Every structure is written in C-alpha cells, then in structure tokens.
2 protein chains.
Amino acid sequence: MTDVALEPDQSAPGPAGTERGAALYRKVAADLREAITTGAFGEAGRLPAEGALAEQYGVSRGTVRQALAVLRSDGLVTSRRGTRRVVLGNARVQSFSELLSFTHWARSMGEEPGGILDSLVRRPADAAEREQLRLEPGAEVYAIVRLRTLSGAPVMVERTVYPPRVGELVAELPADVVSHTEQLREHGILFTDADHTIDVVAANAEDARLLGCRRGSPLLRERRRTTDPTGTPVEWSQDRYLPGTVAFSVHNSLATSALSRHARDSD
Amino acid sequence: MTDVALEPDQSAPGPAGTERGAALYRKVAADLREAITTGAFGEAGRLPAEGALAEQYGVSRGTVRQALAVLRSDGLVTSRRGTRRVVLGNARVQSFSELLSFTHWARSMGEEPGGILDSLVRRPADAAEREQLRLEPGAEVYAIVRLRTLSGAPVMVERTVYPPRVGELVAELPADVVSHTEQLREHGILFTDADHTIDVVAANAEDARLLGCRRGSPLLRERRRTTDPTGTPVEWSQDRYLPGTVAFSVHNSLATSALSRHARDSD
DNA sequence: GAGTGGTCTAGACCACTCA
DNA sequence: GAGTGGTCTAGACCACTCG
C-alpha cells in the first residue's frame with residue numbers, strides 16, 4: 001500500500017501506473033488489493049477506517065467506499081457496521097472474460113488452447129433457442145460444435161448457437177481460428193452479461209465420439225447465455241467438460257448474492 | 001411501480017409495506033424489481049432516467065443509484081454510460097441463505113427437507129481442514145456426515161466440518177433437527193460469506209451406501225467454506241448431489257464478476 | 001448538442017460494536 | 001461514549017450515446 005496520495009495519470013494519455021486511465025476508485029481498489037495480498041494489514045488483517053483511507057489517498061470517503069465495494073464483492077474483505085473491515089481471503093484471479101472465453105482461460109493458466117471445428121450449420125431455431133436468444137418464430141440461427149483442447153488433450157465439447165447477426169460473422173472466420181470470442185469483439189460484438197447454469201449430464205454419442213469417453217459417462221455441463229450492453233442475446237452455449245478438468249468457483253455473501261441453487265430443469 | 005413517493009415506515013415498529021424497516025434504497029430496489037417482473041417498462045424494457053426515478057420516489061439520485069446497483073448485481077438490468085438502463089431478464093429468486101441452507105432451499109421449492117445423521121465425531125483436524133478452518137496444528141474438529149432428502153428421497157450427502165466452538169453447539173442438537181444452520185443462527189453463529197467450488201466426482205463406497213447409487217457413479221460436488229462477519233471460518237462442507245437433482249446458477253458481468261473457472265485441483 | 005449514466009466531493013445523521 | 005461503517009443528500013463535472 002502506498003503512503004502517498006495516488007498520482008494523477010501520467011502526462012502522456014497512454015497507460016499510467018498500476019492501472020491505466022481508470023477511475024480513481026479503481027486505482028484505490030487496485031492498491032488496496034495489492035496491500036491485502038502482500039499481507040500489509042498484519043496478522044489480524046484489520047483495515048484502516050474509511051476516513052483514514054480517504055485522507056491517506058487524498059480522496060473523499062465516498063470514493064474509498066466505492067473501492068471497498070469492489071473488494072467486498074470479490075470476497076476479499078468483510079464489512080459490518082460498527083467495526084473495522086477485515087481481510088477475508090487472498091485475491092483469486094478472476095475476470096469476466098476468463099470465464100467467457102475458453103481461450104482466455106487457457107492462456108491465463110499457461111496452457112495452449114485449441115479448437116477443432118466439428119460442424120457449423122445455419123438452420124431454423126428450435127423453441128428453446130428462440131426463447132434463449134429472443135428470436136421470432138421462423139428465425140434462423142448458426143449452430144457450431146467444437147472440440148476444445150488444452151495442450152492437445154480433449155477437454156470440452158462446445159455447442160454454441162448464435163443469432164444471425166453474430167453467426168454470419170463467425171461463419172466467415174477461418175476454421176482454424178481458436179478464439180471466436182476475441183474475433184467477435186474485434187467486430188464490435190460486445191459481451192457484457194452472462195447467466196450460467198452448472199450441472200451434470202451423461203455423455204451422448206456425439207460427446208463420446210469427440211471427447212473419447214464412453215457414452216453415458218458423466219460430464220460437467222455449463223450452459224451460458226450472454227448478452228450485449230443493450231440486453232440483446234448474442235450467444236447461447238452449452239459446454240460439456242470431462243470430469244477432472246475444470247471446477248467452477250464463486251464467492252457470495254449476505255450483501256452480494258450471485259449464485260443460486262435450483263432444482264434441475266428438464267434439459 | 002408506484003407513482004407516488006414511498007411511504008416512510010408505518011407507525012408501528014413492526015413490519016411495514018413491501019419491505020420491513022429497511023433502508024430507503026432497498027425499498028426503491030424492491031419496488032423497481034416488482035415493476036420489472038410485472039413488465040411495467042414495456043416491450044423495450046427501457047427504464048426511466050436516474051434523475052426521473054429520483055424525483056418520482058422523492059429521493060436523491062445517489063439513493064436511486066444504490067437501488068439500481070442491487071438490481072445490476074442481480075442481473076436484472078444493464079447499465080451503460082450514455083443510454084438508459086435496459087431490463088435484462090426477469091427476477092430469479094435467490095438469496096444467500098437459500099444457497100447456504102439445504103433446508104431453506106428445499107422449503108422455498110415447496111419440498112420437505114430431511115436429514116438423516118450418519119455419523120458425528122470429534123477428532124483431530126487433518127491438514128486440509130486446518131487450512132480451511134484456519135486452525136492451529138493439533139486442533140480438533142467436529143465432523144458430521146448426513147444424508148439429505150427431499151420429500152423422503154435421497155438427494156445429497158453432506159460432510160461438514162466445524163471448528164470446536166461451533167461443533168460443540170451442533171453436537172448438542174437433537175439428532176432429528178433438520179436445519180443445523182438455523183439452529184446455529186439462533187445460537188449467535190453468523191454466516192455471512194461463503195466460497196463455493198463446483199465440480200464432478202465419482203461416488204465412493206460411503207456415498208453409494210447412503211445415496212443408493214453405484215460406487216463410481218458421478219455426483220455433482222459443491223464444496224463450501226463459510227465465514228462469519230469477522231472473517232473467522234465457521235464451516236467447511238462438502239456436499240455431493242445425485243445427478244439430476246440440482247443445478248447451480250450464477251449471473252456475472254463485466255461490472256461484477258463473482259464466478260470463475262479453475263483447473264481442477266487435486267481434491 | 002441534448003440526454004444519460006459514471007465519478008467524485010463534502011457534509012450530515014444514524015445504527016451498531018466494543019472497550 | 002468513542003469509533004466505525006451504513007445511508008442519504010445536493011451538487012458538480014465528465015464520457016459516452018444517439019438522433
């Protein structure tokens with residue numbers, strides 16, 4: 001943790017210190033996050049009072065609270081009226097894109113991501129797909145099946161359905177492009193929100209063929225619907241992982257509850 | 001959505017309108033949540049501007065923003081600089097306690113929760129348990145194994161380890177108490193934060209015996225460490241669900257990312 | 001260029017914790 | 001009762017979107 005006030009952005013408009021031209025509260029949050037991971041708050045892990053931090057960083061208490069809210073939702077610190085905040089755990093690396101993009105995730109682990117295209121078709125959307133992608137009856141979709149690999153080893157079967165606007169872009173990508181997500185981002189398709197559901201299913205014949213497992217053997221399934229900032233669905237995907245290759249992890253609290261438990265729906 | 005300003009708490013100190021003596025922003029959030037689920041914002045689902053909402057509810061813009069932040073993190077609305085907020089999806093029921101407590105979850109679905117105690121022992125903590133519960137070498141723990149049922153049908157094996165302070169309370173509970181969590185809350189043990197990891201494992205002999213499945217058959221595993229407001233671990237639990245009985249669900253976004261994907265760790 | 005959400009400030013009061 | 005986080009206000013300026 002710095003003892004001095006945060007410097008304003010460096011002279012040049014480009015990248016600055018720890019965080020690039022970000023908001024003030026993000027710089028404070030980044031600095032506090034580092035202080036936490038380096039154990040700067042001692043054994044007990046009690047943070048300074050908000051007022052003290054405000055003075056230390058030369059910002060208002062509101063800004064400090066914004067920074068602390070970030071750490072709170074990441075599960076790094078507690079908060080309770082009447083007492084100082086306490087360090088909860090060490091930082092876990094996690095970012096939205098890491099969850100959204102197999103490629104990004106693989107690289108963050110130092111593994112080499114791969115994608116083997118199995119099929120790509122344009123066809124009428126079924127009822128479930130129309131529901132998920134909010135399409136009109138009779139609308140078409142692009143459906144893609146890919147085998148995803150880590151350093152050459154099969155890990156996951158990805159079945160993604162795109163609405164026409166997005167699918168047309170994907171269909172034009174060379175077959176050997178590994179990250180569709182990154183390509184779409186460069187074409188101006190923004191992924192900002194996603195709903196995930198995680199459960200277990202038995203491998204069907206296609207899963208078995210692609211993953212090299214037996215039919216009926218268990219797979220960890222993640223279904224995901226992603227939308228852009230306007231709320232328009234841009235992707236509906238169903239990923240099936242071989243057991244032992246992946247685990248999903250989440251933090252929640254009384255204050256911010258994101259995860260929920262459901263009875264399994266029919267499909 | 002009401003057109004009038006929110007009423008202050010009713011005269012009596014007891015429960016008031018939609019929300020009990022809660023903060024102003026929570027009342028606004030609850031009202032907006034209802035407006036969203038009843039489709040009050042029309043087909044396009046564009047919310048009024050923050051300023052308009054502030055005037056409508058007779059509160060400051062800051063309070064409106066606090067309310068909207070709640071809906072944002074629940075995945076109900078988008079937010080983007082320059083444009084109105086847009087309704088993302090309908091409300092999903094979810095609460096922290098619903099995820100934490102099997103009993104609470106079951107009841108919210110209208111099912112009858114059950115718990116059949118298999119074993120309860122006090123024993124030295126192993127290395128992993130000391131790590132999770134932040135205990136000293138040589139410390140002891142209370143370890144409980146229970147079969148959880150929904151309307152009589154086996155659903156999940158729960159293996160929970162408590163530190164002594166908490167375990168002593170649990171050990172004194174009658175064997176037929178269904179919800180340990182609720183009992184602990186009444187004894188002043190607070191659960192406020194939890195880290196969850198979800199993956200697939202094969203049933204061991206004990207799992208198979210309790211759940212009535214075959215050894216080696218797949219189970220959906222949720223591991224969870226729960227802490228109190230001071231950051232002290234109060235529970236370390238490993239729940240194994242029969243496939244098809246449960247799914248976990250989470251919303252994340254560029255703004256608030258709670259879920260992450262991991263390579264499976266050894267255990 | 002008008003409208004909108006994002007950020008930041010300064011100050012106020014309250015509810016709660018803990019010595 | 002002092003200290004602390006939770007809530008709320010009023011106002012300001014900025015960055016971005018879109019007609």
Side-chain angles (χ1 to χ4, degrees), chain A residues 5-6 8-9 13 19-29 32 44 46-73 77-87 188 190 192 228-232 253-256, chain B residues 5-6 8-9 13 19-30 32 44 46-73 77-88 188 190 192 228-232 253-256:
Chain A
L6 293 169
D9 286 37
E19 288 279 316
R20 293 178 299 159
L24 243 184
Y25 77 88
R26 289 188 185 280
K27 298 182 195 172
V28 175
L32 289 172
R46 270 173 37 118
L47 269 68
E50 294 176 354
L53 289 171
E55 193 172 355
Q56 188 177 114
Y57 285 110
V59 300
S60 75
R61 188 180 157 217
T63 300
V64 167
R65 282 182 62 78
Q66 261 187 297
L68 290 170
V70 174
L71 304 185
R72 181 81 188 86
S73 83
V77 300
T78 62
S79 66
R80 196 169 44 132
R81 184 150 36 190
T83 52
R84 292 272 186 86
R85 289 168 189 270
V86 170
V87 173
L190 297 174
T192 58
D228 69 14
T230 70
T232 307
S253 72
L254 263 177
T256 63
Chain B
L6 292 169
D9 285 37
E19 288 279 314
R20 293 176 302 158
L24 243 185
Y25 77 88
R26 288 189 185 279
K27 298 182 194 171
V28 175
L32 289 173
R46 269 175 36 118
L47 269 69
E50 293 176 355
L53 288 172
E55 193 172 355
Q56 188 178 114
Y57 286 109
V59 301
S60 76
R61 189 181 155 214
T63 300
V64 167
R65 282 182 61 78
Q66 261 186 298
L68 289 170
V70 173
L71 304 185
R72 180 82 187 86
S73 82
V77 299
T78 62
S79 66
R80 195 169 44 134
R81 180 145 46 188
T83 50
R84 293 272 186 84
R85 290 167 187 269
V86 170
V87 173
L88 254 189
L190 297 174
T192 58
D228 69 13
T230 70
T232 306
S253 73
L254 264 178
T256 62

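Keep in mind that the numbers below use all heavy atoms, side chains included, and drop hydrogens, waters and symmetry copies. Remember, predicted model here, so these are calculated numbers, not experimental data. Each chain gets a letter, A, B and so on, in the order the sequences are listed, and its residues count up from 1.
Minimum atom distance to the side chain of B:S79 is reached by C:dG6, of the listed C:dG6, D:dG6, C:dT4. Here D:dT9 is the nucleotide among D:dT4, D:dT9, C:dC8 with the atom lying nearest to any side-chain atom of B:S60. Side-chain atoms of B:R61 lie closest to C:dT7 of the nucleotides D:dG6, C:dC8, C:dT7. Relative to the side chain of A:T63, the nucleotides C:dT4, D:dC8, C:dT9 differ in distance, and C:dT9 lies closest. The nucleotide whose nearest atom lies closest to any side-chain atom of A:R84 is, among C:dT9, D:dT4, C:dC8, D:dT4. Relative to the side chain of A:A49, the nucleotides C:dG6, C:dC8, D:dT4 differ in distance, and D:dT4 lies closest. Nearest nucleotide to the side chain of B:Q66, out of C:dT7, D:dT4, D:dT7: D:dT7.
Within the 4.0 angstrom heavy-atom criterion, only backbone atoms of the sugar-phosphate kind lie near A:R80; the bases stay farther away. Looking at heavy-atom distances under 4.0 Å, B:R85 makes contact with sugar-phosphate atoms alone, never a base.
Across every non-hydrogen atom of A:A67 and A:A29, the tightest pair is CB-N, 3.7 Å.
Rounding to the nearest 0.5 angstrom, the gap separating the CG atom in A:L190 from the CZ atom in B:R80 is 8.0 Å.
Separating the NZ atom of A:K27 from the P atom of C:dT7 is a distance of 13 Å, rounded to the nearest angstrom. For the pair B:E50 CD and C:dA2 P, the computed distance is 20 Å after rounding to whole Å. If you take CG of A:L24 and P of C:dG6, they are 17 Å apart, rounded to a whole angstrom. When the C1' atom of D:dG5 is taken as reference, atom CZ of A:R46 falls 12 Å away, rounded to whole Å. One interatomic measurement links the two molecules: CG of A:L68 to P of D:dT4, which rounds to 14 Å at whole-angstrom precision.
Residue A:R65 places none of its side-chain N or O atoms closer than 4.0 Å to OP1 or OP2 of D:dG5.
No side-chain donor-acceptor contact under 3.5 Å links B:R84 to the backbone of B:P48.
Taking a pair to require two hydrogen-bonding distances under 3.5 Å in either a Watson-Crick or a G-U wobble arrangement, D:dC16 pairs with C:dG3.
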Assess whether side-chain contact (heavy atoms from CB on, under 4.5 Å) is satisfied between A:V28 and A:L53, documenting all intermediate values.
CA-CA 9 Å; A:V28 175; A:L53 289 171; over 6 Å; no

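Where B:R81 and A:T83 meet DNA chain C, the nucleotide closest to each residue was compared, and B:R81 sits on the side nearer the 5' end.
The shortest distance between side-chain heavy atoms of A:L71 and A:L32 falls below 4.5 Å.
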